[in-house]
Protein chains: 2
Amino acid sequence: MSEPGSGGESLLFLTDEQLRKGIEAMFFAYRGFTADPDRILDGMDYGRAHHRALHFIHRAPGTTVNNLLNILGVTKQSLNRVLRTLLDDGLVESRVGKQDKRERHLFLTAKGAELERTLSDAQRARMRTAYRAAGPVAVQGFRQVLEAMMDPEMKRQYLALKEGGA
Amino acid sequence: MSEPGSGGESLLFLTDEQLRKGIEAMFFAYRGFTADPDRILDGMDYGRAHHRALHFIHRAPGTTVNNLLNILGVTKQSLNRVLRTLLDDGLVESRVGKQDKRERHLFLTAKGAELERTLSDAQRARMRTAYRAAGPVAVQGFRQVLEAMMDPEMKRQYLALKEGGA
DNA sequence: CTTGGAAAGTCAACAAGGCTGACGTAACTT
DNA sequence: AAGTTACGTCAGCCTTGTTGACTTTCCAAG
């Protein structure tokens, strides 16, 4: 039985108790993760769904509606409701595709980019504080565990975004 | 300007780009985190809110409604709707407090404990796979960053639970 | 012992953001 | 010419969150 400190790998970090703590940490941390943007959006006519759309359009300018649908993991009807308001309010611009005229390519307007920046600044500020407090080694572990937690398809999406932005 | 590899602490892990990757990792990982219980609950008459209630009642048997309210961070009306169905369906039992008879202490019934176990088994299985893949050092970092990401009040709740269960 | 306030429960109404199903149009593909 | 894909939209539904108002019960302080 692998004894802790005996030189072999201790498996004590895989006990149900440790796993439960990890689960609860995810629950409480995710609340903090979304708290700042939520606070900013509260009072505007937008919500978390608008934030997500803005984020990924910012990340992948010119993305198609279908692509965004896959990334966000919602139905087109659900996305459409959100996208509709962003388009009407002039935060997002939709351009007909040049190769394929069925596709719509999405871009942030100056106004949209401004709101995106406000939201992501707030979210990054918390992230930065947490990163700084935990240190670079912890951050690497953080990312490793999160990646291992994703569904394969989600991980594919995540890595595709990472490459594009690197 | 702190040069990477110059012996001092590199701060490259605090760049906006690194922070953005962390943000996206949280987004995609949380989807994976909730996917398995959601799948199980889909088709039953319960949802994620029921899962959360079951989890924390299991964790802290005899907890009061008010306490649960604080942990979950929702209004009593919202919790009541969920709790109502769990009580009616005999998954949760509510006992009048002995000291303070205004309080209701919540417990899982055998049936409730069974569903809770089914759900948490699924969630732990994914967690265990992720932990094993990333290794103990990564897991420690994972937990450190998550704790640093919580609001102070949430962190208090989280730590209180941890102590109780340790 | 009365009174103030806390804990709990409930009713009603509403909003955000998911979902399904159905349908229409334009444009690409075979 | 027919089939498929991308997008938009109408209609309706569900879950889970919110506020506000009101009641009952009961503890604790005056």
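Just the heavy atoms: all of them, side chains too, but no hydrogens, waters or symmetry mates, feed the values below. In what follows, chains are A, B, ... by sequence order, proteins preceding strands, each numbered from 1.
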Are B:F27 and A:F56 close enough that their ring centres sit under 6.0 Å apart?
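Yes, they do, as the ring centres are separated by less than 6.0 Å.
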At a heavy-atom distance below 4.0 Å, what parts of residues 95-106 of chain B sit against DNA chain C?
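Heavy-atom contacts with DNA chain C come from B:R102, B:E103, B:R104.
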Salt bridge check, A:R95 against A:E93: does any charged N sit closer than 4.0 Å to a carboxylate O?
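A salt bridge is present here (some side-chain N lies under 4.0 Å from a carboxylate O).
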Check this for me, if you would: do A:E114 and A:R117 make a salt bridge, where the nitrogen-to-carboxylate-oxygen distance has to be below 4.0 angstrom?
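Result for this pair is no, no salt bridge flagged.
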Could you check how far [atom1] of [X] sits from [atom2] of [N], rounded to whole Å?
X	N	atom1	atom2	result
B:D38	D:dC14	CG	C1'	14 Å
B:R48	C:dC19	CZ	P	11 Å
A:L86	C:dG17	CG	P	11 Å
B:N66	C:dA6	CG	P	11 Å
B:Y46	D:dT16	OH	P	12 Å
B:L72	D:dT18	CG	C1'	16 Å
A:L69	D:dA6	CG	P	11 Å
A:L41	C:dA15	CG	P	18 Å

The helix from C:dC1-D:dG30 to C:dT30-D:dA1: angle between end helix axes, five pairs per end, rounded to 10 degrees:
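End axes: 20° apart.
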B:T64 or A:R52: which one's nearest nucleotide on DNA chain C is closer to the 5' end?
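Closest to the 5' end, via its nearest nucleotide, is B:T64.
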[X] side chain to [Y] main-chain N or O, any donor-acceptor pair under 3.5 Å?
X	Y	value
B:R124	A:D16	no
B:R31	A:L72	yes
A:D89	A:L91	no

In terms of relative ring orientation, are A:F142 and B:F142 parallel, tilted or perpendicular, with 30° and 60° separating the classes?
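Aromatic pair A:F142/B:F142 classed parallel.
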Give me the ring orientation class for B:H55 and B:H51: parallel if the planes are under 30° apart, tilted from 30 to 60°, perpendicular past 60°.
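B:H55 vs B:H51 ring planes: perpendicular.
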Any luck finding a side-chain donor-acceptor pair between A:T63 and A:N67 under 3.5 Å?
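Yes - a donor-acceptor pair under 3.5 Å links their side chains.
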Can you check whether B:H50 has a side-chain N or O nearer than 4.0 Å to OP1 or OP2 of D:dT15?
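The answer is no; no side-chain N or O of B:H50 sits under 4.0 Å from OP1 or OP2.
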Contacting residues from residues 74-84 of chain B, given that a heavy atom lies under 4.0 angstrom of DNA chain D:
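The answer is B:V74, B:T75, B:Q77, B:S78, B:R81.
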Would you mind reporting whether B:K21 and A:Y158 have side-chain heavy atoms less than 4.5 Å apart?
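A:Y158 vs B:K21: side chains touch.
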Within a strict 4.5 Å, meaning less than it, do heavy atoms of the B:R104 and B:T64 side chains meet?
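Heavy-atom side-chain distance check fails, nothing below 4.5 Å.
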